Amino acid sequence: MRLGPTADEELFARTVRALLERRCTPRDVRAGFARKRWEELAETGVTGLLVSEEHGGLGLGAGALVAVAAAGGRACAPEPVVEAAVAAALLAGVDADRAAKWLRELAAGTAVAAVRLPVGGPRTGGGPGAVPVAHAAYADLVLVVDGHALHVCPAADACIGPVAGVDPGRGLAHVDISTLSGEPPVALREWTVTRAGWLGAIGAAADLLGAARAMLELTVRYAGQREQFGRAIGSYQAVKHLLADVLIAVEFAHPVVLRAAYSFDHDLPSAGRDAAMAKVFASDAADLAARSCLQVHGAIGYTEECDLVLWLRRVWALSAAWGDAAHHRAAVAADLLGPAPAPPCP
Amino acid sequence: MRLGPTADEELFARTVRALLERRCTPRDVRAGFARKRWEELAETGVTGLLVSEEHGGLGLGAGALVAVAAAGGRACAPEPVVEAAVAAALLAGVDADRAAKWLRELAAGTAVAAVRLPVGGPRTGGGPGAVPVAHAAYADLVLVVDGHALHVCPAADACIGPVAGVDPGRGLAHVDISTLSGEPPVALREWTVTRAGWLGAIGAAADLLGAARAMLELTVRYAGQREQFGRAIGSYQAVKHLLADVLIAVEFAHPVVLRAAYSFDHDLPSAGRDAAMAKVFASDAADLAARSCLQVHGAIGYTEECDLVLWLRRVWALSAAWGDAAHHRAAVAADLLGPAPAPPCP
Amino acid sequence: MLAQVTDLIFSATEEDFRREIRDWLARHVPRDPLPSMDTPDGFRAHQRWERQLYDARWAVVSWPEGYGGRGASLVEWLIFEEEYWRSGAPGRVSQNGIFLFAPAVFAHGTEEQRRRILPPMAAGDEIWVQGWSEPGAGSDLAALRSRAVRDERRGGWRLTGQKTWSSRGTYGHRMFGLFRTDARAERQHGLTYFMIDLAADGVTVRPIRQLDGEPGFAEVFLEDVFVPDTDVLGEPGQGWSVAMSTTGDERGLHLRSPGRFLATADQLVRLYGQVSVGTAAGTGTPDAYRDAVVDAWMRAEAYRLYTFRTVTRLGDGQSIGPESSVNKVFWSELDLNLHATAQRLLGPWAETGGRWLDGYLFSLAGPIYAGTNEIQRNVIAERLLGLPKEPKGKASRGLGGGGGAGG
Amino acid sequence: MLAQVTDLIFSATEEDFRREIRDWLARHVPRDPLPSMDTPDGFRAHQRWERQLYDARWAVVSWPEGYGGRGASLVEWLIFEEEYWRSGAPGRVSQNGIFLFAPAVFAHGTEEQRRRILPPMAAGDEIWVQGWSEPGAGSDLAALRSRAVRDERRGGWRLTGQKTWSSRGTYGHRMFGLFRTDARAERQHGLTYFMIDLAADGVTVRPIRQLDGEPGFAEVFLEDVFVPDTDVLGEPGQGWSVAMSTTGDERGLHLRSPGRFLATADQLVRLYGQVSVGTAAGTGTPDAYRDAVVDAWMRAEAYRLYTFRTVTRLGDGQSIGPESSVNKVFWSELDLNLHATAQRLLGPWAETGGRWLDGYLFSLAGPIYAGTNEIQRNVIAERLLGLPKEPKGKASRGLGGGGGAGG
């Protein structure tokens, strides 16, 4: 019984972290997605993490994704690392040359993929049409799953319209597949779609925890320097306890995410529930971190000039993406308690 | 537009408070229900608050009950003041001599009533049989509402078996109406039963707020005296903020309870929703007060010797009685949002 | 024997008042929302709207008639606010002036100042900007260091220093704020309350972009800026007590009327209706949001009732002191709660923007500005509950950051 | 290229261990719950149960075989705990001895002391009571004033003072605790760790009735009580560091294994099943508790995984320091949460008692004893996050009350 990264894992994560520390500073984050950085990430293997070795990838699983996505969240890197993994999982279910081409391009870092899955979506509202697709604004390939059909849309062929969102780094865009000419959609097994959703939830969970840790570090530093009433605000109990609760939430979410990756990689019967639990804990922890870190920063945290804002925006978007905490909590509830009770039918 | 007690109200509440301060000290509370005190309360008019003047009562409404019940909660008085008001409301719907006899006895303080209404009860569990009836252990009269039937059970005729409960002052007892000989039950209008439930919820809400204020006062005093690490624990921000949040909850619950009484007394269309809201806010505020005041007291608050325990027990019992916060929140939700959605019927 | 506890019925006059404003709003509120008041176009559009309100005498209903108001009672003001926000009317670009600054002008200004300052403020012709916080003085306002030296020759003062978190600072016209006029005095002593023309020589305004990307506030740099004696409010050296009447108002009843939250709560209930249609027809996801929506709505109702209680107490001749801290914590958490619940309902759509997102971002500032909620809880604990202060007098209050990022 | 991140599979040996304890428990756990261990009969019944455990070598699985244990690994201990609590076996009347005191005896005792003290403790023949808190020293343990003076003639010490919140003090046999042996030393200096026979001359035990009406803890008065040198643990004057190894364990992994919470979480899910039958067949009240139940259950799971992570880190040679404060806050709030949710499910039945009510009352003490959660949060903020201490060194920690009301 062991629950934690191996030495190899640690090493890989350290490499990616070091790369991003150098190449993805807050100033870089403000400049948004960078193809150059994507290529550098590809060199470490990050973009082909779940692409099979046959197609030039590393052929790894959710465990590796967790380590890498956490590094991405910590650096607030705009590049779609989780989407690359999900895209690889979807394309692996497709028996066609065009899948192989894109898998190779993903692993090589010559293509960027965006993905739209029917995840987290029983709720409507917020206007007509479908939810915009993250990273589609600069993707080379958009994968749109519609029921069991996978639309493989090269950006050149699809009708893609950028949309403003709370996090400018997300590259949100509307993707209109009705205008798509070219090749017909591919039929996927339901299992492939389901697992892709779990993988996205696990990756996003790890990313959120990385972001939460980054915000906590920023805020601890600020609270140790900023003085009011003659002493550092971090010496006040109210501030201490806010931030202690953030650390507790992050620390307890972490093993839940590690376990979900293990269950995914080993096809355990609990894999779906474990992925859902991971997203619940990570979304809640990151939301708490965002809220408390902004409160401790005060007005300065409310401005564009403060680096905190980069992570705040990432968390606001990502905590709801891939299914929010309520969606996944309901999934765990259905598994644990059976379907929600209903009034008797007439 | 005015929302607050009138001068007359204030005066009445002050009289009752003064009586209880003299005659219902923590030592008295520990001794439990006292018939002598019941008679003294009767002299001020408390026991016949909602009994019509024709039967020797004051003929007042929920507004007066709120003032009196808050005083009862503040003093932690074991006497069933709210039950007396609910009994009066139920008996007022009965056109019979025996109702008149009991109303007169209630107002005169020669009888004590306990009441069981089908409130707050969709949930089962906790063992077989019905919930025990509060105050039945020493009541002269137990009113049991079963559907629309009111069983008027003199204690002498009913099979009453005392039951241990978290608050020894509550005088819990099982009441077995199946053994009841004597007169048949009286049919009540549904409206009478419904309104009796609202009245109980409003009275309990006021009681809970009185109890919450008493706990807060006790705890502020303790926190000002108890020293750790060389200073009064009440000077620490963590303690301050816990107790500030209790005050906020109590202050905001208070007008909600006042409004519910007004709506009840004026038969406003929103009376049911307003009563439910009152219990939600009061139960939540009192639960928070109990939790935080115990935490500030530390281990001493966990002992029989500390007066705090008297109120803790009252609140634990009363916050769930007459429908708990979740029950009443669901009632408000049904009114505001319509019935809970259900999955489509097969 | 006993009179009624409460009378929640409005009088005929009050109901007439409600009908009048409701009718007017129905006819005049712009069908499409105005652009953000923190953009150049939006700022001007909001100024025009204020002018329209003013011309119909709805801009400042609680002010005396002589200054453009209607001398409305507190209850009428609450009614006005309920109707105003329910109608979907635009936010008030003049709010820092009419709610934060005007009370101080009424209490401490000369008649000449009132005549000169208040009508153009109410008409939206002059937009006022607050100059409280400084980089080193946020929650700890008394730590401010911007100073003014006497210019006897010209009959006024020369101001130097830096103010920050000045809402509307980017496009506004005039600023009110505190400056140190006695260099030897410390903390709240030796401060004077000034009014500053932002177009004057020596003033530099640097817009600060907020979370939403718009320059909702600004830093204001002052370099030897001349302010004549006629633009000092109250006595020189008495600025702290003049300002306190203003912040009391800011945190208290006036700025945050229940009307705003009631309108948001009703919109939330409507949003829930739209969303739950999708749920029922969809995958049968259990309705996790029902309690959150009803709780937020009930809290808005409770805030309304609490305000009624406050108005009743004021009518009974009582005054509001540290109780305003109870108010501030409650409304700021309520506002956040309302918008956070809406964001949760919107789920994956939440990040795509719109007025719920704007409202959410704005509501996040509530627990920070006008005195952080941590400081408010200290005030509640020490002044209402009577808990002991922290050992060092100076260090008796909590969490910093920048206060003063008002609306 | 990369090895697996995790391996949540238990080894064959571990699975065998699980089967063995599960089988034994299935055959031996009393069908009816024992009476409360804080009643005279219940105390004796719990002692007998401990004897049964001990005879089958299940009392202290992680101790070396020579002292009555099985030398079980941490993972096996976790498995034992999961099975133990899942089976509904009685609470451990010996827990303050085996979890709080024994680690200090292993770390600091002489071989003679270990041989003499540990086996009767494990067998439940001698029940140990902790003597940490004093009336003026709860969370602020270093403020203790009970003292010991040297009795050179008899070769020992004479102890005088008062201890409080001593769990099991009413019926227990021996007490461990700190006393001041250097009258000139202050705070954590000059303290010595003693073992005291509660039947000795000069000892008076006053039971304290707890919330549940039973004397779960006691005050212990000492008046010139002789303790021989053989009952000093570690060096005289070094009591603080000896005790810290004990409290580290108390707050850390050992006392609160996930097994307990997992068992409670499963019971909560079963309770929900019973209750929701009533709901579905009943009035159609919306299921407000669904989220609360699933959240509490998930938190118990998370605690289990967190513990696995901790065990993994310990296996990798890391040590646990202030991280134990993270643990303490989480499990105490989890336990309260589990029981409060059950109380809510029970609604009007909650007040009528039973094991959920008992568990709830017990869980309320969790955030208080073994260092209040306020103090734990200070530790987390200062030692894990590195936030600055409060200005006065002495006043660096928070909320008082009485710590030490252990189990």
Side-chain angles (χ1 to χ4, degrees), chain A residues 119-127 131-132 134 163-168 170 172 223 226-231 233 235-239 242 287 291 294-305 309 312-313 316-318 320-327 329-331 333-334 339-340 342, chain C residues 133 136-140 143 164-165 208-211 213 217 271 274-279 282-289 336 343-354 356-357 360-361 364-365 367-369 372-374 377-378 392 394-405:
Chain A
V119 178
R123 298 188 295 286
T124 63
V131 192
V163 172
V166 70
D167 180 7
R170 291 256 292 167
L172 283 187
R226 168 78 178 171
E227 293 199 355
Q228 288 284 273
F229 302 102
R231 48 191 261 216
I233 61 169
S235 71
Y236 290 100
Q237 243 186 353
V239 171
L242 273 181
D287 283 342
R291 170 93 183 75
L294 175 56
Q295 182 68 19
V296 171
H297 270 81
I300 190 89
Y302 205 75
T303 65
E304 281 285 350
E305 311 176 8
V309 83
L312 291 176
R313 288 172 175 152
W316 289 329
L318 205 54
W322 299 101
D324 65 4
H327 170 82
R329 187 177 283 111
Chain C
S133 298
S139 293
D140 183 9
T164 192
W165 317 134
I208 303 177
R209 280 172 66 208
Q210 288 178 216
L211 278 179
F217 36 54
L271 178 66
Q274 294 156 18
V275 169
S276 65
V277 169
T279 307
T283 62
T285 303
D287 195 339
Y289 298 118
L336 185 51
Q343 289 296 97
R344 289 174 57 197
L345 284 177
L346 289 168
W349 281 267
E351 65 168 308
T352 63
W356 281 114
L357 178 62
Y360 177 61
L361 297 182
L364 283 165
I368 294 169
Y369 69 81
T372 63
N373 284 8
E374 285 73 17
R377 288 191 171 89
N378 285 358
K392 283 170 66 182
K394 250 179 88 185
S396 70
R397 294 185 170 186
L399 162 59

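FYI, side chains are in, hydrogens and waters are out, and symmetry mates aren't considered; it's all heavy atoms of this structure. Quick caveat: nothing in here was measured; it's all calculated off a predicted structure. Every chain is numbered from 1 and lettered A, B, ... according to where its sequence line falls, protein lines coming before strand lines.
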Which portion of [X] sits near chain C, non-hydrogen atoms under 4.5 angstrom:
| X | answer |
| --- | --- |
| Arg313(A) | side chain |
| Ala317(A) | both |
| Leu294(A) | both |
| Leu312(A) | side chain |

(request) Against chain A, label Leu361(C) side chain, backbone, both or neither, depending on which of its atoms sit under 4.5 Å from a heavy atom there. (result)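 Its backbone and side chain both get close to chain A.
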
(request) Select one option (side chain, backbone, both, neither) describing which atoms of Leu357(C) are under 4.5 Å from chain A's heavy atoms. (result)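 Contact with chain A: side chain only.
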
(message) For the backbone of Tyr302(A) and the side chain of Gln210(C), can you confirm whether one donor and one acceptor N or O come within less than 3.5 Å of each other?
(response)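 Such a contact is absent between Gln210(C) side chain and Tyr302(A) backbone.
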
(message) Tell me if a side-chain donor or acceptor on Asp140(C) pairs with a main-chain N or O of Phe229(A) at a distance below 3.5 Å.
(response)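 Yes, because the side chain of Asp140(C) sits within donor-acceptor range (under 3.5 Å) of the backbone of Phe229(A).
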
(request) Could you check whether the rings of Trp316(A) and Tyr360(C) sit parallel, tilted or perpendicular, using 30° and 60° as the cut-offs? (result)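 Ring orientation of Trp316(A) relative to Tyr360(C): perpendicular.
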
(message) Heavy-atom pairs under 4.5 Å with chain C - which of Arg329(A), Arg291(A), Glu227(A) has more of them than the others?
(response)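 Heavy-atom pairs under 4.5 Å are most numerous for Arg291(A).
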
(request) May I ask you to say whether Glu305(A) pairs ionically with Arg209(C), meaning some side-chain N is under 4.0 Å from a carboxylate O? (result)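 No, Glu305(A) and Arg209(C) are not salt-bridged.
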
(message) Under 3.5 Å, is there a donor on one side chain and an acceptor on the other for Gln295(A) and Glu374(C)?
(response)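 Checked: Gln295(A)/Glu374(C) side chains pair up, N/O donor to acceptor below 3.5 Å.
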
(request) Could you grab the distance from atom CG of Leu318(A) to atom CZ of Arg170(A), nearest 0.5 Å is fine? (result)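 Between atom CG of Leu318(A) and atom CZ of Arg170(A) there are 6.0 Å.
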
